[in-house]
Amino acid sequence: MEEHYHPETIERDVQQFWRDNQSFKVSTDPEKEKYYCLAMFPYPSGKLHMGHVRNYTIADVISRFQRMQGKNVLQPMGWDAFGLPAENAAINNNTAPAPWTYSNIDYMKGQLNSLGFAYDWSRELATCQPDYYRWEQWFFTRLYEKGLVYKKMATVNWDPVDQTVLANEQVIDGRGWRSGELVERKEIPQWFIKITDYAEELLSDLDKLEQWPEQVRTMQRNWIGKSRGVEITFDLATPVAGIERFDVYTTRPDTLMGVTYMTLAAEHPICLALAESNPDLKAYIASCKKQAVNEATMATMAKTGMALGVDAIHPLSGEKVPVWVGNYVLMDYGSGAVMAVPAHDQRDWEFAQHYQLPVAQVVAPSGNESCDIKAEAFVIKGILVNSGKDFDGLGFDAAFDAIATRLAAAGKGRVTTNFRLRDWGVSRQRYWGAPIPMLYNQDGLEIPVPAHKLPVLLPEDVQMDGVQSPIKADLAWRKDELDGQAVERETDTFDTFMESSWYYARFTCPDYTDGMLDKTAADYWLPVDQYVGGIEHAILHLLYARFFHKLMRDEGLLSCDEPFTRLLCQGMVLKDGIKMSKSKGNTVDPQALIDQYGADTVRLFTMFAAPPEQSLEWSDEGVAGSHRFLRKLWKAVATHLEKAAVAGVPALDGNALQGPLRDLRRKTHETIAKVGNDYGQRQTFNTAIAAVMELLNEVNRLDNSAGQTLAVEREALEAAVLLLAPIVPHISHRLWQALGHQSAVIDAPWPAVDSAALLRDSIPMVVQVNGKVRAQLDVAVDMPQAEIEALALAEENVQRFIDGLSVRKVIVVAKKLVNIVAN
RNA sequence: GCCAGAGUGGCGAAAUGGUAGACGCAGUGGAUUCAAAAUCCACCGGUGGCAACACCGUGCCGGUUCGAGUCCGGCCUCUGGUACCA
């Protein structure tokens, strides 16, 4: 064995060994327990960043650990290759999205390999390849045939200068990122998938996902937002353009008698009709169009409104209620109308203050909550007041039922379950995505592309002009023929969340040509046992993937109900306390560190610096420290082997050990137990590494090679190498060889804990007086509690603190502490 | 705005209701060296004390408990998401 640690040659050779032996290629094997470990596949943006390194190292460590547990481990990798950045990069670099993307994939694949990740590359896929997206297109047409797909008008951000649709990301302070012009809202027809049909199941199945972080389940629950409420019909006092009434939905029908005005969306047909003869209203509606469509902007912007000059009739009191138009009501969602109860809704309260609208309190506190309607809305559920003799005095539930019943009897309302979740709009007006497989005949009638005409190929040899999608500009591409009839192709492409919603399933059979999935392979490997990715995907990606999974199940493509059994959401990588980003100029290039220290050092630091869910603060000094540790490990093994070559290693006799050797052997087995738990259950890789560091520190304290020393040392070093193998696979491979093993460390079984080695004669305990530590004890393992108490009370420093007090209680926590309560 | 997290030494962190700061980084002192690098040893939250030790200390305020960084209530700050970034 070489005296010094040279990562560059070791890593090159070990990676070659893995390639030569196809070490990570797997196939279905019904005899063996399978383990499918998946990291969220990357967008091929150019080169790896530290977030990728962290994500993929975590997944690789889990994969390698599970392999050492004897599982048949699948760890695939691929590319989320469609998306907006490729279009911008193509324009900036005077190329097209496809070649830019392919060259990025090529480079990043090399980087992933240089980090030593254990991928089965025979399953690699890129979502921009027709082999992949053709099945997505096929599936969409199946959903269409099942009535799960429909087209409707929806609002987008419109850049009036560039005449193009902008992503939310491209709207900065309400203006287009290139033109700088105020963006406008524009309604265009778009395709939707009925995720709301699955809302109930997506919600209830969250309860099954016991190995998901509770925070993610909570966020998804809130996002789906199931509520019970009442849909209420308000008649107009006088019809407008033939419209006689409109509906609103509320979860607070108990506040119905406190309604003092109504608000409609600017695009509401009533508003549009009235605007025909009202120039001021027309101008106001036009001003409402000049705002971005995202929710955060909507929620924080100044709420404005304008009286329409018409009244609605309150469904219970029969009184007239003025109708307003407001910029904060959206036509896309719900009915485009809301009832306003300023006394009991803070947003309505502020609006009413601003426009000096009446505020009518109809709920009073049921307990001692403060309530000052002049200062703020009272939003807590309470007891009804000022609501008429039939309702006054009722609590929330009783009032809900009484008012809902009265409305139903009058034909003015019905109890409904509502979901905050909206249907999934999948149309994008961009080029670099999977073409939506729909055709339009001469009459504009929509026809799904029949299976034999799939895939609808996206042309890759295109010129980007920065404004219009090349397939929208290409009149020839748009033309097609079906059964001898001229038809026109849909030129919108899919949301890229479509591709990332089923790639995990395609990895089980990436080359299958007879269908979207090979059911045998899918049913063997799925569900994914461990999914690893950023917390930023907690809602959208993970919800869409869960939805797609159920759609595929209902199509008979696979059998299980949920795609991901266990989920780990890793934190961000920070530098100087902030997220690494090009604009902040605080990025760290993983490649430079791999070149300088080797992949093992980068992997080790990434896993050591923080637990996976937490954000990780990058530290160049810390990386150097990790490298130092690997050198120490190398040296410890090298020194041991030198001594062993001279003295020979005796057979280990655990029963004969005494003193420091017995302590070290106990430490070895405690460490094996702790690290196994840290990897498998807790997933705290940082503490696992710390435990091995402690073990190595103990080994380095031994200073002779007499008797059993080398045997105990050998066992400790072999354990250290095995325990670290998932994290630093290259150096472990080489050290395992050096320690005389024929088979590779990737196939070594996880070391077993010898419970006899864990036994102790005595246990350290702490003595507290009133919860403060006052002394330490070393007690025999079998000492009776009464004796321990006596020993504790006899301690000099304990006596000092209970002097003059009477002991009220003595609490003994076995093997930990004694607390003496005295006053 | 709304939903979900996080906050502990100079820094990254550990402590699964039971000794706050394991492990590492930085730093200080020493050994080794012609010298340096590397390596090894020791110290390393604050205040007081020669020391033994004591007091204070986990964002802020309050509560539960024999005992709270950990559980509960209320704040503050930061982070992620907010449906067309991925």
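All values derive from a computational prediction rather than experimental measurement.
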Enquirer: If you look at every strand shown and take non-hydrogen atoms under 4.0 Å, does A:Ser45 touch a base, only sugar-phosphate, or nothing?
Expert: nothing

Enquirer: Please report the distance, rounded to the nearest Å, between CZ in A:Phe629 and P in B:A22.
Expert: 17 Å

Enquirer: Side chains of A:Thr101 and A:Asn104 only: does a donor on one sit below 3.5 Å from an acceptor on the other?
Expert: no

Enquirer: Could you say whether A:Phe605 or A:Ser619 is positioned toward the 5' end of RNA chain B, judged by the nucleotide with the nearest heavy atom to each?
Expert: A:Phe605

Enquirer: Report which part of the nucleic acid A:Arg701 touches: base, sugar-phosphate, or nothing (heavy-atom distance under 4.0 Å, all strands).
Expert: nothing

Enquirer: Between the base of B:G1 and the side chain of A:Glu295, is there any donor-acceptor pair under 3.5 Å?
Expert: yes

Enquirer: If you measure from the C1' atom in B:A68 to the same atom in B:G1, how many Å do you get, rounded?
Expert: 34 Å

Enquirer: Give A:Arg800 one of three labels, base, sugar-phosphate or nothing, depending on what nucleic acid heavy atoms sit under 4.0 Å from its own.
Expert: sugar-phosphate

Enquirer: Verify the distance criterion only: is there a donor paired with an acceptor across the side chains of A:Ser501 and A:Arg546 at less than 3.5 Å?
Expert: no

Enquirer: Name the nucleic acid region contacted by A:Met693, choosing base, sugar-phosphate or nothing; use a 4.0 angstrom heavy-atom cut-off, strictly under.
Expert: sugar-phosphate

Enquirer: A:Asp495 side chain to A:Met498 main-chain N or O, any donor-acceptor pair under 3.5 Å?
Expert: no

Enquirer: Can you confirm whether A:Glu796 is buried at CD, in the sense that more than 12 heavy atoms of other residues, nucleotides or ligands lie under 6.0 Å from that atom?
Expert: no

Enquirer: Quick one: the side chain of A:Asn819 and the base of B:C66, do they pair up donor-acceptor inside 3.5 Å?
Expert: yes

Enquirer: Could you let me know what B:A68 is paired to, Watson-Crick or G-U wobble, both distances under 3.5 Å, or none if it's on its own?
Expert: none

Enquirer: Tell which nucleotide pairs with B:U77, taking only Watson-Crick or G-U wobble pairs whose two distances are both under 3.5 angstrom.
Expert: B:A6

Enquirer: For RNA chain B, whose closest nucleotide is more 5', that of A:Asn697 or that of A:Ile578?
Expert: A:Asn697

Enquirer: Taking the six-membered ring for Trp, are the ring centroids of A:Trp424 and A:Tyr544 within less than 6.0 Å of each other?
Expert: yes

Enquirer: When you measure from the side chain of A:Asp678 to the backbone of A:Ala688, do you find a donor-acceptor pair of N or O atoms at a distance under 3.5 Å?
Expert: yes

Enquirer: Is A:Arg631 touching bases, backbone alone, or none of the nucleic acid, heavy atoms closer than 4.0 Å?
Expert: sugar-phosphate

Enquirer: Any N or O donor-acceptor pair linking the side chain of A:Asn677 to the base of B:U16 at under 3.5 Å?
Expert: yes

Enquirer: Can you tell me the distance, in whole Å, between the CD atom of A:Glu536 and the C1' atom of B:U82?
Expert: 14 Å

Enquirer: Look at A:Lys772 and B:C56 and indicate whether a side-chain polar atom (N or O) is within less than 4.0 Å of OP1 or OP2.
Expert: yes

Enquirer: Can you tell me the distance, in whole Å, between the CD atom of A:Glu694 and the C1' atom of B:A13?
Expert: 14 Å

Enquirer: Look at all strands and tell whether A:Asn770 reaches a base, only sugar-phosphate, or nothing, counting heavy atoms closer than 4.0 Å.
Expert: nothing

Enquirer: Let me know the distance between CD of A:Gln614 and P of B:U79, rounded to the nearest Å.
Expert: 16 Å

Enquirer: Tell which nucleotide pairs with B:G1, taking only Watson-Crick or G-U wobble pairs whose two distances are both under 3.5 angstrom.
Expert: B:U82

Enquirer: Within this structure, what is the CD-to-C1' distance between A:Glu617 and B:A13, rounded to whole angstrom?
Expert: 12 Å

Enquirer: Tell me what A:Phe82 touches on the nucleic acid: a base, only sugar-phosphate, or nothing, going by heavy atoms under 4.0 Å.
Expert: nothing

Enquirer: Please state how far atom CG in A:Leu330 lies from atom P in B:A83, giving the value in whole angstrom units.
Expert: 11 Å

Enquirer: Would B:G67 be called syn or anti, given that syn covers angles within 90° of 0?
Expert: anti

Enquirer: Hey, does A:Val821 reach any base, or is it just sugar-phosphate, or nothing, if we go heavy atoms under 4.0 Å?
Expert: sugar-phosphate

Enquirer: Using whole Å, what does the distance between atom C1' of nucleotide B:C85 and atom CZ of A:Phe497 come to?
Expert: 8 Å

Enquirer: Less than 6.0 angstrom from the centroid, inside 45 degrees of the normal: does A:Lys152 satisfy that with respect to the ring of A:Phe192?
Expert: yes

Enquirer: Once you apply a heavy-atom cut-off of 4.0 Å, does A:Glu499 come out as touching a base, just sugar-phosphate, or nothing?
Expert: nothing

Enquirer: Using purine N1 to pyrimidine N3 plus N6-O4 or O6-N4 for Watson-Crick, or N1-O2 and O6-N3 for G-U wobble, each under 3.5 Å, what pairs with B:A36?
Expert: none

Enquirer: Taking any heavy-atom pair under 4.0 Å as a contact, classify A:Ser427: base, sugar-phosphate, or nothing.
Expert: base

Enquirer: Assess whether atom NZ of A:Lys815 is packed by more than 12 heavy atoms of other residues, nucleotides or ligands within 6.0 Å.
Expert: no

Enquirer: In Watson-Crick or G-U wobble terms, both distances under 3.5 Å, what is the partner of B:G27?
Expert: B:C43

Enquirer: Indicate, with a heavy-atom threshold strictly under 4.0 Å, whether A:Ala609 touches base, sugar-phosphate, or nothing.
Expert: sugar-phosphate

Enquirer: Have a look at A:Met298 and say if it touches a base, only the backbone sugar-phosphate, or nothing, with a 4.0 Å heavy-atom cut-off.
Expert: nothing

Enquirer: Check every atom of B:U39, B:A83, B:C23 against the side chain of A:Phe608 and return the nucleotide holding the closest atom.
Expert: B:C23

Enquirer: Using a heavy-atom cut-off of 4.0 Å across all strands, would you classify A:Val813 as base, sugar-phosphate, or nothing?
Expert: base

Enquirer: Scan A:Asn700 against the nucleic acid and name what it touches under 4.0 Å (heavy atoms): base, sugar-phosphate only, or nothing.
Expert: nothing

Enquirer: Tell me the partner of B:C50, counting only Watson-Crick (N1-N3 plus N6-O4 or O6-N4) or G-U wobble (N1-O2 and O6-N3) with both under 3.5 Å; none if nothing fits.
Expert: none

